[in-house]
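Structure first, then comments.
Protein chains get the first letters and strands the later ones, always in sequence-line order, with residue 1 at the start of each.
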There are 2 protein chains.
Amino acid sequence: MNEKQPTIVDVAREAGVSIATVSRAMTGGSVSSVSRRKVEAAAERLNYRPGYYRSDPIKEAKHFIAAVLSSQTNPYYAAMCEGITAEAARSGYKLLVFSYPEGTSCETVAADLLDLRPAGALLAGFPTERSVNPETTRASLMRIQEAMPLVAIGPPVEGIECARQTLPDPSQCVRKAMAHLCMLGHRRIAFVGGDRSARFSTIRENAYYEEVQRYSCRRDPMYVMLTGTNVQAGELGVSILLGNHAREDHPTAIFAINDLVALGAMRQLHRMGLSVPGDMALVGCDNAFFTQYLTPSLTTIDLHPYEHGRSAVAELIMSISAGKPIAFNQSFESTLIVRESCGAALGVRTFEDAP
Amino acid sequence: MNEKQPTIVDVAREAGVSIATVSRAMTGGSVSSVSRRKVEAAAERLNYRPGYYRSDPIKEAKHFIAAVLSSQTNPYYAAMCEGITAEAARSGYKLLVFSYPEGTSCETVAADLLDLRPAGALLAGFPTERSVNPETTRASLMRIQEAMPLVAIGPPVEGIECARQTLPDPSQCVRKAMAHLCMLGHRRIAFVGGDRSARFSTIRENAYYEEVQRYSCRRDPMYVMLTGTNVQAGELGVSILLGNHAREDHPTAIFAINDLVALGAMRQLHRMGLSVPGDMALVGCDNAFFTQYLTPSLTTIDLHPYEHGRSAVAELIMSISAGKPIAFNQSFESTLIVRESCGAALGVRTFEDAP
DNA sequence: ATATCGGTTGTAAACGTTTCCACAGGTCAA
DNA sequence: TTGACCTGTGGAAACGTTTACAACCGATAT
């Protein structure tokens, strides 16, 4: 965190030109293409960023912290952002949210953070979640960590360790949902939504397999529909799911990887003439605002993103004032919100049902 | 936009101390309390902010623009934020969103913007929408405008003129909704939601009165329910509305000031045993994502916040490169999204119905 | 041949700020 | 009274950077 950053003088020496030429090259002044190439190469070698003369005490005094969220649309991250904002304001820090379009690379994020040099940075879901090239992602994260206190929210990615990584156990929601459904008597439970490029999705998928095992549920590869994460994904997933099975092999319950998928599933079920929860129990995930207003209202899992955002900021600010990463080790329980979409217990359980 | 900002030297002269003392006073070094007071007084008088030594070309080169949104929760602003992000990315600018808790004053925003000195600033809904003290709000806006190109989105506030103020006509949605409902034969139309402290709300309320006049609708002060802007506001509004009138005086249609209010209204109507659109037509506003999934799906007005955000950024960037405010004068049509919640035409229109 | 010109470069001076250093003045104990 | 030791202060140097200025180089025009 305290190593000397290279200055324009270092770059000039490395490139064999004057500092004026380096400055012009960086700011788009008129330089010959050969000089520009030399400067760029040298800057790249030294990992130089202009603007470091904004020295530390200033950024400290300014009390800016930066947050990068993987999505603004997603209600989960929206709620988290509110928590982040609230806690930052409470503790006197100003919050700057870097807003990027989908699919921005981690290198871009790192470059921008190093340009701005806030007092600390918060990475939520991004960019550990999806990465084109793990190696450059790793390097970028390292560069950020060297320059400022960093707290990442989300499941850790193998080989990419952050100083502080805080996460609600991403499989817990699956376990709670499966426990609830099995308690109600379901043993044919489908998993709808998600995709293999998203880390949280595969974690939940794996948790699903474990729970299927634990409760001796029906093991059927066709019960897993990784169709995506939006409303259409739910519609598509259900139509494939039910199209692929004879009526008597239909699952009796669906766990949807998020509430949008659950919504799509509910619509498609309705379209196909199946009732929820009569013919199919349904559990969503995220406790999105609209779930309480659906008919039937949706049983879902609250991951408490607001509190999680708050706590991540608190952790970050403690790290900033301590000058070193602080282990916070707060655990986040997900809570099951029972509503109408699972109905009553399935059938009557007799001794024959027991293993 | 180009006046000299006061420097530490000015403050030192004004306070009658050395620049070193000023610097120490600002960064929390050891200074006597009397010096500190002198420095603070001088800084206040001159409106001094440290950090201006980050000279103009840097902020230009970095291509940071800042956006301040009045709310992150509101789906309207969320969509606008996406548009802003997209356009900023497209044109190579980095977008920083200042995230504040509800009710932050305009002075705070101005101070932060002047600290960061981005290449340009975008104010959406905030802080022209609600202001505690119009005079300080005005002064703060002026300070921002002196320091950087500024584009404000939202209805202008009397006495507070921005260099560039871009807005979708906030009354147009009311006019389109009323025209649609009247075309369907309704003449007893209620206005539910909003509150007098929000500028956009009173503009729409006034537009409602005008349209009531134009179409010779029933004029009834109890048809106007300024109960707020969330789901509960809709529930409350409808229960008062219907509680206050004999059955034959019930309105036949409701315009809700936004989709959340419409959702609440729909629920309350359902609870009271009235069907939509059978017993009551309903129009919302904002075309929030969930409206298409309601049963019945909600007729609403799309204000095109995404495009509006894009265009505001385009305008801002043109102003930045031109070095002066650019009039863009793009108009934003709201569009009526006809769905199920208004049903078919009300009754059969005979010659007697005509005025 | 010389003059002119556009493009590229380095030197050095700015910029607004922090920080090192030395000094002035005060307090306190011997 | 002296010496030691604080505290607050200003001068000046340093920081990393941009930029005005002058010099240089090669090419083209006369």
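Remark: P of C:dC21 and CD1 of B:Ile19 are 17 Å apart, rounded to the nearest angstrom. Distance B:Arg13 CZ to D:dG10 C1': 16 Å, rounded to the nearest Å. If you measure from atom CE of B:Met26 to atom P of D:dT9, you get 16 Å, rounded to the nearest angstrom. The NZ atom of A:Lys38 sits 14 Å away from the P atom of C:dT8 (whole-angstrom rounding).
Residues A:Ser33 and A:Ala20 each lie close to DNA chain C; by heavy-atom proximity, the contact nearer the 5' end of the strand is made by A:Ser33. Both A:Arg24 and A:Val9 sit near DNA chain D, but only A:Val9 has its closest nucleotide nearer the 5' end.
Scored by the side chain to side chain donor-acceptor pair (under 3.5 Å) test, B:Arg310 finds B:Glu87 as partners (sequence neighbours excluded).
The line from OG1 of A:Thr104 to NZ of B:Lys94 is 8.0 Å long, rounded to the nearest 0.5 Å.
Residue A:Ser32 has a polar side-chain atom (N or O) positioned under 4.0 Å from OP1 or OP2 of C:dT9. For A:Thr21 and C:dG10, the shortest distance from a side-chain N or O to OP1 or OP2 is below 4.0 Å.
Here A:Ser23 lies in heavy-atom contact (under 4.0 Å) with a base.
You'll find the side chain of A:Ser30 stays beyond 4.5 Å of the side chain of A:Arg24, heavy atoms only.
If you check D:dG8, C:dT18, D:dT17 against the side chain of A:Ile8, the one that comes closest is D:dT17. Distance from the side chain of A:Ser18 is smallest to C:dT11 among C:dT8, D:dT18, C:dT11.
Looking only at distances, a side-chain donor or acceptor of A:Asp10 sits under 3.5 Å from a matching main-chain atom of A:Thr7.
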